[in-house]
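In what follows, chains are A, B, ... by sequence order, proteins preceding strands, each numbered from 1.
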Amino acid sequence: MIIMDLTVLTHGSQVRSQIGNPIPYTEGANNSTDFIQETQRYRVRSENPTHQPARKEMYNNGQISVTGSGMTSYPFEGMKTQPLSSVNPYHTSLTLRSRVTLKTPIKTWNNTRGSGKLFSFSLVDESGEIRATGFNEQVDQFYDILEEGKVYYISEFIVKPANKSFSNIKHDFEITLSKLTSIAPCHDEKDIPFTRFNFLLINTLSEVDINSIVDVIGVCKNVGDVVIFTSKTTNTELKKREITLVDHSNTSVNVTLWGEQAEQFDGSLQPIVAIKGGRMTEFRGARSISPMTTSIVQVNPDIADAQRLRGWFDNFGSRLKTKSISARCDSVGEGFGGNWMTLQEARRAQLGTSDKPDYFTCKAMVTMIRSENVVYKACPNGDCNKKVIDLGNNLYKCEKCNCEYPNYQYRLLIGVCLADWSTSLWVTCFNDVAQEILGATAQEVGLSENNNRFLYESYFRKPLFNNFIFRLRAKTEAYNDEKRLKFTIAKVMAVDFNKYNKCLLGSIKSILARVATPCSDLAHHTQLYDARH
DNA sequence: CCCCCCCC
């Protein structure tokens, strides 16, 4: 016995079922069992157990036709459903039983290929998850029906490959609703899971690619105010709120909430916030997570991770000093100018890609030095430093000062390859820094260049494979029409091991926090550490 | 058929 909804396309006639029997039962807005009205919906019993309730079926009794559509759970009851993981483009006619975990607002678009409206939603069942989208008429038909958190039967849909770069849903395909689609609520839904998160520890978020989609959970340690500003690109008013989440890796990350979510967020009681499908963004070395319209943001979710985190934070996490992956400078590099990074971290953070230069500190080894065309004859006048033109008559012309001099001074401009355990990097260094690295004056180097080649080369060999602490400057500079990211050594320092060991101890402390999975271990180690230092 | 996801 199957009951289905019929939308009646013609007026005032008795309907016969698909298999030719008179309709034995109807209910709905109109209780007439004999006549149906145009555009009214009726629930109709069918004796055909093989009937596909979601198909667009034409019913004929000679005069009228009706189309099966709309909402009822009865057609699906007792019907075999298939797991979300089995959805693929080659098997049509699957019936799914899954929970809507997210429904986006309706969006309209208007581009060269046309215009329209759409919404999308996420489905979860025991086997996995999938994303679904409804366009135009399907928006009208299904948008109001689908509710977040509820379970539905869905059948007769189109299956297309999923575009992974726009979704965090782990499925190779996605669903598009069609004219034939039927969706019906399922009230027996206890066995269907809710949103599945794949939380990453916050300390590991410094390693993921920028723009990747991540799940994160943390205690909202700090809340910013709502900030309203106008976007220069779209000229629209935007609202944002920055919050800071910390987890038991004792690391924090900033999250930027937008629009209504920003306005309605209440962080006054330091709630747990869980985010599924947030986008990792980066601005000048500071990372933050931005939820999108397809992200799920849950405050104090009823999940085990949240309870564990609450316990950790309330008992001792709140008292620990937190490392942030959203801060431009971290305290580990204190004493060396801050923002201590490996060369790889500097590259990953895309330092120097904004208008202003970015500085960071690292310990690295000199592995190569270019020795050709690195010492030049410069203007002897104070800080001019401009390369002079040898006039060949023992006079040297500086075009900057517009002056001819009988003398010049040597200056160095060298290219050095630095390497630490993470990667290597070619950097430029100017006179003073170059002299420190070579352990020789520009004058000595310059004089030896043509007179004592062996000595000259030795200046460039001596520093090789020595370690230094470097303060590096990253900046994008324009050469002709080309933009290049350049690294310059702003300062070079001998490795002061007393100082450097303190940095390493700081790192060990933060690593301890990262690896201490049971909360009590973390507290124990950190207290132990604090007691000793 | 969308696929933009914001700002410094």
query = Using a cut-off of 4.0 Å on non-hydrogen atoms, how would the nucleic acid contact of A:E174 be classed: base, sugar-phosphate, or nothing?
reply = base

ask   = Roughly how many Å is it from CD1 in A:I243 to P in B:dC7, rounded to a whole number?
value = 20 Å

request  = Using a strict 4.0 Å threshold on nitrogen-to-oxygen distance, state whether A:R97 and A:D191 make a salt bridge.
outcome  = yes

request  = Could you tell me the separation between the CG atom of A:L257 and the P atom of B:dC5, rounded to a whole number of Å?
outcome  = 18 Å

query = Any side-chain N or O of A:R113 less than 4.0 Å from the OP1 or OP2 oxygen of B:dC2?
reply = yes

message = If I take atom CZ in residue A:F135 and atom P in nucleotide B:dC2, what distance separates them, rounded to the nearest angstrom?
response = 6 Å

query = Atom CG of A:D358 and atom C1' of B:dC8: how far apart are they, to the nearest Å?
reply = 13 Å

ask   = B:dC8 P sits how many Å from A:R287 CZ, rounded?
value = 21 Å

query = Rounded to whole angstroms, how far apart are CD1 on A:I210 and P on B:dC6?
reply = 12 Å

query = If you check the A:T293 side chain, which of B:dC1, B:dC5, B:dC6 turns out closest?
reply = B:dC5

query = Okay, side chain of A:E237, backbone of A:T230: is any donor-acceptor separation there less than 3.5 Å?
reply = no

ask   = Of the nucleotides B:dC1, B:dC5, B:dC7, which one has an atom closest to the side chain of A:T256?
value = B:dC7

key: Nucleotide nearest A:K240 when distance is taken to its side chain, options B:dC7, B:dC6, B:dC1   = B:dC7

key: Test: A:K363 cationic atom under 6.0 Å from A:F468 six-membered ring centre, within 45° of axis   = no

request  = Just call it for A:R131: base, sugar-phosphate, or nothing, with non-hydrogen atoms closer than 4.0 Å on any strand.
outcome  = base

inquiry  = Does B:dC2 have its OP1 or OP2 closer than 4.0 Å to a side-chain nitrogen or oxygen of A:W109?
reply    = yes

query = How would you label the contact of A:S231 with the nucleic acid (heavy atoms, under 4.0 Å): base, sugar-phosphate, or nothing?
reply = sugar-phosphate

request  = Could I get the full list of side chain to side chain contact (heavy atoms under 4.5 Å, CB included) partners for A:E129, not counting sequence neighbours?
outcome  = A:V124, A:I169, A:K170, A:K276

note = Contacts of A:R99 meeting side chain to side chain contact (heavy atoms under 4.5 Å, CB included) (sequence neighbours excluded), chain-then-number -> A:V151, A:E189, A:I192, A:F194

Between B:dC5 (P) and A:M280 (CE): distance, integer Å = 16 Å

inquiry  = With a cut-off of less than 4.0 Å, is there a side-chain N or O of A:K239 near OP1 or OP2 of B:dC7?
reply    = no

task = Would you kindly give the CZ-to-C1' distance between A:F229 and B:dC8, to the nearest whole Å?
result = 8 Å

